[in-house]
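Below: one structure, written as structure tokens.
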Amino acid sequence: MIVAGNSAVLVALVLSKNRKSRMNFFIMHLAIADLTVGVINVLTDIIWRTTVAFYADNIACKLIKYLQALVTYSSTYVLVALSVDRYDAIAHPMNFSTSCK
């Protein structure tokens, strides 16, 4: 459901006529971050719980653990950036630009 939902959001954003808006930019990056969380975190967790043991070498284990932390933080930081942008739009409406550069 994670992959299908975020893929649908990305397709809708690509097909949208208003692709240059700032909110579409943040929504697209949030969908990408959530998609990677679904693929990397959830999928590897399902595989490990199904197989019970990890059959790859130590480097693969460290790489997967690093990627799991990376995508979790990236999703969180996209939400923080979105919140800062919305705060700026509300606190300083006259200085706010609606176009994405």
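All of these numbers come straight from a predicted model, not from anything done at the bench.
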Using every non-hydrogen atom in the two residues, find where G38 and V42 come nearest and quote the distance to one decimal. O-CB, 3.3 Å
Tell me if the CG atom of L15 is crowded by more than 12 foreign heavy atoms within 6.0 Å. yes
Roughly how far apart are Q68 CD and N41 CG, rounded to 0.5 Å? 5.0 Å
Rounded distance (nearest 0.5 Å) linking atom CG of D45 with atom CD1 of I40: 13.5 Å
How long is the straight-line distance from CG of D85 back to CD1 of I90, given to the nearest 0.5 Å? 9.5 Å
Run the numbers on D88 and V84 for side chain to side chain contact (heavy atoms under 4.5 Å, CB included), then give the verdict. CA-CA 6 Å; D88 190 42; V84 169; 5.5 Å; no
Shared hydrophobic cluster, V3 / L13 (ILVMFWY, side-chain heavy atoms < 4.5 Å): yes
Determine yes or no for a side-chain-to-main-chain donor-acceptor pair under 3.5 angstrom, with S16 supplying the side chain and A12 the backbone. no
Nearest heavy-atom approach of V39 to L43 is O-CB, 2.8 Å
Give me the atom names and distance for the closest heavy-atom approach of I2 to D34. CG2-O, 3.6 Å
Backbone N/O of T72 and side chain of S75: donor-acceptor pair under 3.5 Å: no
Straight-line distance of M28 CE to N24 CG, nearest 0.5 Å: 9.0 Å
CG/L70 to OH/Y77 distance, rounded to the nearest 0.5 angstrom? 10.5 Å
For the CG atom of L35 and the CD1 atom of I32, what is their distance to the nearest 0.5 Å? 8.0 Å
Hey, any chance Y66 and V71 share a hydrophobic cluster, counting ILVMFWY side chains that come within less than 4.5 Å of each other, even indirectly? yes
Taking all non-hydrogen atoms of both residues into account, name the closest pair between A60 and F54 and its distance. C-CZ, 4.1 Å
Give a yes or no on whether I64 and L67 share a hydrophobic cluster (residues Ile, Leu, Val, Met, Phe, Trp, Tyr; joining criterion: side-chain heavy atoms under 4.5 Å apart). no
